[in-house]
Amino acid sequence: MASPDPELAAKLQPEVPHAARIWNYWMGGKDNFQSDRAAGDAVAEVYPEIVVMAQQSRKFLIQAVRYLAAEAGVRQFLDIGTGLPTMQNTHEVAQSIAPDSRIVYVDNDPMVLVHARALLSSTTSEGVTTYVPADYHDPEKILAEAAKTLDFDQPVAVMYMGVMGYEPNLDVVRAIVGRTMEATASGSHLVLWDGTDTSPEVVSGAERLAQSGGVPYILRSPEQLGTCFEGLTLVEPGLVPIPLWRPADPDAVAIDAYGAVGRKP
């Protein structure tokens, strides 16, 4: 895996499973440690579909960003809790359609910062890609830093991709999402997905993750996730299992993860 500088290396804690690295492992990446692989394998043992969920989450991101850039005309993206980069990241998808797109990534993981430094070099000459080291629990800092790159008087796509399950209180989740969307202009969009408690197997997988030392992930019902979109107009097909959101694959099937794209009036 990539070697960070000494200051960041001291923060990595390779012996402690970390959400971004576990997800990287499920997606077939190499930026993870043995503790992450052990935790990931423990979850997959009781819920093998977690690997499919990881892969489908990236497909949902690609479909949503393509829609926003190509059909909705969005040119600004605020990707909060971006995780470790893999393939077809937000800026790559958006700038392949609209080269002048501006993207701000937000994460508080030191390994993500290591990769972000390399990631920024792949932006287009017309566009901008930046990184803000911050926790999504601090929306005021995120908005202040993002405003150095994004124009909040113009539409922004705010993205929370599978990260809100790490906050146990739904009211806190709603407050964070509400604050970021409050700062955006009419025509902005919220893109959000999370794992759902829609099968006994996925619930067992979440329990195994916590038992393995990973940060607990709170599974919510689709109805609970839907409350994050209050005041927004859902883009068709609404809140659905993520493989079924405008699928490129006609044979796509539902999984225990729901997502949607909502437009701010």
Main-chain N/O of [Y] paired with [X] side-chain donor or acceptor, under 3.5 Å:
X    : Y    : answer
Q76  : D151 : yes
K59  : P243 : no
E167 : M164 : no
K141 : A134 : no
T184 : V156 : no
W245 : G259 : no
D107 : G83  : yes
R246 : E236 : yes
R102 : T149 : yes
S35  : P14  : yes

Could you measure the distance from the [atom1] atom of [X] to the [atom2] atom of [Y]? Nearest 0.5 Å is fine.
X    : Y    : atom1 : atom2 : value
L170 : R220 : CG    : CZ    : 5.0 Å
M181 : I176 : CE    : CD1   : 14.5 Å
D79  : N89  : CG    : CG    : 8.5 Å
I103 : E92  : CD1   : CD    : 10.0 Å
D249 : D251 : CG    : CG    : 5.0 Å
Q63  : L68  : CD    : CG    : 11.5 Å

With a 4.5 Å cut-off on side-chain heavy atoms, are [Y] and [X] touching?
X    : Y    : result
L234 : F229 : yes
R208 : Y47  : no
L61  : T90  : yes
L150 : F152 : yes
L190 : V261 : no
R75  : D100 : yes
I80  : V158 : yes
Y105 : L78  : no

Same hydrophobic cluster for [X] and [Y], using side-chain heavy-atom links shorter than 4.5 Å among ILVMFWY?
X    : Y    : answer
W193 : V172 : yes
V52  : I22  : yes
I218 : L209 : no
V51  : M161 : yes
I255 : L244 : yes

Checklist entry - Can you name the one residue among Y166, Y217, Y258, Y160 that meets side chain to side chain donor-acceptor pair (under 3.5 Å) with D194? => result Y217
Item to check | Partner of Y25 under side chain to side chain donor-acceptor pair (under 3.5 Å), chosen from D31, N32, D41 | outcome: D41
At their closest point, which heavy atom of [X] faces which heavy atom of [Y], and how far apart are they?
X    : Y    : answer
Q95  : S101 : NE2-O, 3.0 Å
R263 : G187 : NH2-CA, 3.5 Å
S188 : P155 : OG-CA, 3.4 Å
A64  : V191 : CB-CG1, 3.9 Å
A260 : G238 : CB-O, 3.6 Å

Checklist entry - Taking the six-membered ring for Trp, are H189 and Y67 parallel (under 30°), tilted (30 to 60°) or perpendicular (over 60°)? => result perpendicular
Next on the checklist: Within the 3.5 Å criterion, strictly below it, is a donor on R174 or T227 matched to an acceptor on the partner's side chain?
Outcome noted: yes
Next on the checklist: Quick one, D256 with T196, criterion side-chain hydrogen bond (donor to acceptor under 3.5 Å, both in side chains). Give me CA distance, side-chain angles, the key distance, then yes/no.
Outcome noted: CA-CA 5 Å; D256 298 304; T196 52; 4.8 Å; no
Checklist entry - Would V163 and Y136 satisfy side chain to side chain contact (heavy atoms under 4.5 Å, CB included), going step by step from the backbone distance to the final call? => result CA-CA 9 Å; V163 298; Y136 64 56; 3.9 Å; yes
